[in-house]
Amino acid sequence: TEDLWKIWLRPEVGLQFKAGQYCTIGAEGVERPYSIASSPSETEIELFIELIPLPDGELTPILHRLSLGDVVTMRPRAKGLFVLKPEFQNHIMISTVTGVAPFVSMLREHLGNPTEGHRFFVFEGASYLDEFGYDRELFDMSNTQDEIEFIPTVSRPNDKKNSLWTGDAGRVNSIFQSHLDSYCLEASDTVVYACGHPLMIEDVRIRVEGTGMEFVEERFWK
């Protein structure tokens, strides 16, 4: 979809960050934070952005007009506590659309520096099948790496835009739980990450509460 796109930034000074963190960029005096999809070992900063039209979105309409070679500002430090928790063996990653970006960063970092014994279950929800910006990469990871499983789901399976969809159907906050029950994971060794729409995150938090699993979140506000 034209309302979702990736951009790559080449900082004048290399940006140091941990997989899962965000950077703050700006143009025409407007700044906003965006989760980083690239791994810390990559030379360019990769972002996955959704166009939010005016008046709700101030920066994304500006970014959408930019071309190759244009310049944006970037704050010198990446921030955020939404990073991989290596003390857990099982990592349940739940996202909506652009909320998958920090998980892509974490998985790329894992593949570059594998940690034995870790397992990753990546759930991504979207309304339509053309909103999955990293599905090919994540399916490739899932098909070639035993420790990674990718489960995308569309919430509007009967819409004609999803006529070719053959995967899971329903909201990701429900789909993850139906799969989770079949994994039989040790709760004390499992962490659930949720990133994206606040209502999805709140529902996941409620579902995880009382299970003994760790829960961390990163909310994307529109």
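For the single chain, residues carry numbers from 1 onward in sequence order. All values reported here derive from a predicted model rather than from experimental measurement.
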Look only at the side chain of [X] and the backbone of [Y], and say whether a donor-acceptor pair between them is shorter than 3.5 Å.
X      : Y      : value
Lys6   : Gly133 : yes
Asn162 : Ser127 : yes
His64  : Glu50  : no
Thr153 : Gly170 : yes
Ser105 : Ser38  : yes
Gln177 : Ser174 : no
Glu124 : Pro152 : no
Ser163 : Lys160 : yes

[X]: partners by salt bridge (charged side-chain N to carboxylate O under 4.0 Å, His left out), with sequence neighbours left out:
X      : answer
Glu87  : none
Glu109 : none
Arg10  : Glu44
Arg32  : Glu58

Which pairs would a plain distance check flag for residues 209-218, meaning a side-chain donor or acceptor within less than 3.5 Å of a matching protein atom at least two apart in sequence or in another chain?
unit_1: Glu209; atom_1: OE2; unit_2: Arg205; atom_2: NH1; d: 3.2
unit_1: Thr211; atom_1: OG1; unit_2: Val208; atom_2: O; d: 2.6
unit_1: Thr211; atom_1: OG1; unit_2: Met213; atom_2: N; d: 3.2
unit_1: Glu217; atom_1: OE2; unit_2: Arg219; atom_2: NE; d: 2.6

Using the rule that two of Ile, Leu, Val, Met, Phe, Trp, Tyr join whenever any of their side-chain heavy atoms come within less than 4.5 Å, decide whether [X] and [Y] are in one cluster.
X      : Y      : result
Leu47  : Ile52  : no
Leu111 : Val104 : yes
Val97  : Leu138 : yes
Ile206 : Ile201 : no
Leu107 : Val100 : yes

In the structure I gave you, are the side-chain heavy atoms of [X] and [Y] within less than 4.5 Å of one another anywhere?
X      : Y     : value
Leu51  : Leu4  : no
Val172 : Thr96 : yes
Val72  : Ile62 : no
Thr115 : Pro86 : no

Run the side-chain contact (heavy atoms from CB on, under 4.5 Å) check on Arg156 and Tyr128 step by step: do they pass?
CA-CA 7 Å; Arg156 301 179 182 179; Tyr128 308 105; 2.6 Å; yes
Evaluate the criterion salt bridge (Lys or Arg N to Asp or Glu O under 4.0 Å) for residue pair Arg108 and Glu46; output intermediate values, then yes/no.
CA-CA 12 Å; Arg108 289 180 181 178; Glu46 181 178 337; 2.9 Å; yes
Pair Met93-Leu84, side-chain contact (heavy atoms from CB on, under 4.5 Å): steps then yes or no
CA-CA 10 Å; Met93 300 171 163; Leu84 195 74; 4.0 Å; yes
Take Ile7 and Ile25, measure what side-chain contact (heavy atoms from CB on, under 4.5 Å) needs, and give me the verdict at the end.
CA-CA 12 Å; Ile7 64 173; Ile25 66 172; 4.3 Å; yes
Only pairs at least two apart or in different chains count here, so list each salt bridge (Lys or Arg N to Asp or Glu O under 4.0 Å) that has a residue in residues 113-123.
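Those involving residues 113-123 do not exist here.
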For Phe176, check ring-ring contact (aromatic ring centres under 6.0 Å, His included) against everything at least two apart and list the hits.
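Per chain and number, Phe176 pairs via ring-ring contact (aromatic ring centres under 6.0 Å, His included) with no residue.
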Just to verify, what does Trp8 make a ring-ring contact (aromatic ring centres under 6.0 Å, His included) with, not counting sequence neighbours?
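With neighbours one apart ignored, the set is empty.
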Any chance CG of Leu54 has more than 12 other-residue heavy atoms, nucleotides or ligands included, within less than 6.0 Å?
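For Leu54, atom CG is crowded (more than 12 foreign heavy atoms under 6.0 Å).
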Which label fits His110 and Phe120: parallel for a plane angle under 30°, tilted from 30 to 60°, or perpendicular past 60°?
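The rings of His110 and Phe120 sit tilted, inter-plane angle from 30° to 60°.
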Could you tell me whether Glu202 and Arg207 have a side-chain N and a carboxylate O separated by less than 4.0 Å?
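The answer is no: the pair does not qualify as a salt bridge.
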Taking only Lys NZ, Arg NE, NH1 and NH2, and the carboxylate oxygens of Asp or Glu, determine whether Glu28 and Arg65 approach each other closer than 4.0 Å.
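Result for this pair is yes, salt bridge flagged.
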Filter on side chain to side chain donor-acceptor pair (under 3.5 Å), then keep only pairs touching residues 179-193, sequence neighbours left out; what's left?
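Counting only pairs at least two positions apart or across chains, the side chain to side chain donor-acceptor pair (under 3.5 Å) contacts touching residues 179-193 are Asn90-Thr190, His91-Tyr193, Glu149-Tyr183, Asp168-His179.
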Can you pull the side chain to side chain donor-acceptor pair (under 3.5 Å) pairs that have at least one residue in residues 70-84, sequence neighbours excluded?
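Listed by first then second residue: Glu31-Arg75.
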Out of Phe123, Phe82, Phe150, which residue meets the ring pair (Phe, Tyr, Trp, His ring centres under 6.0 Å) rule with Phe103?
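Of the listed residues Phe123, Phe82, Phe150, the ring pair (Phe, Tyr, Trp, His ring centres under 6.0 Å) partner of Phe103 is Phe82.
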Does anything in residues 10-57 form a ring pair (Phe, Tyr, Trp, His ring centres under 6.0 Å)? List the pairs, not counting sequence neighbours.
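Pairs touching residues 10-57 that pass the test: Phe48-Tyr134.
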Going from CG on Asp203 to CG on Asn173, what distance comes out if it is rounded to the nearest 0.5 angstrom?
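So the CG of Asp203 and the CG of Asn173 are separated by 4.5 Å.
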With rounding to the nearest 0.5 Å, note down the distance linking SG in Cys195 to CD1 in Ile94.
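Answer rounded to 0.5 Å: 11.0 Å.
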Quick one: list whatever passes side chain to side chain donor-acceptor pair (under 3.5 Å) with Gln21, sequence neighbours left out.
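Side chain to side chain donor-acceptor pair (under 3.5 Å) list for Gln21, sorted by chain: empty.
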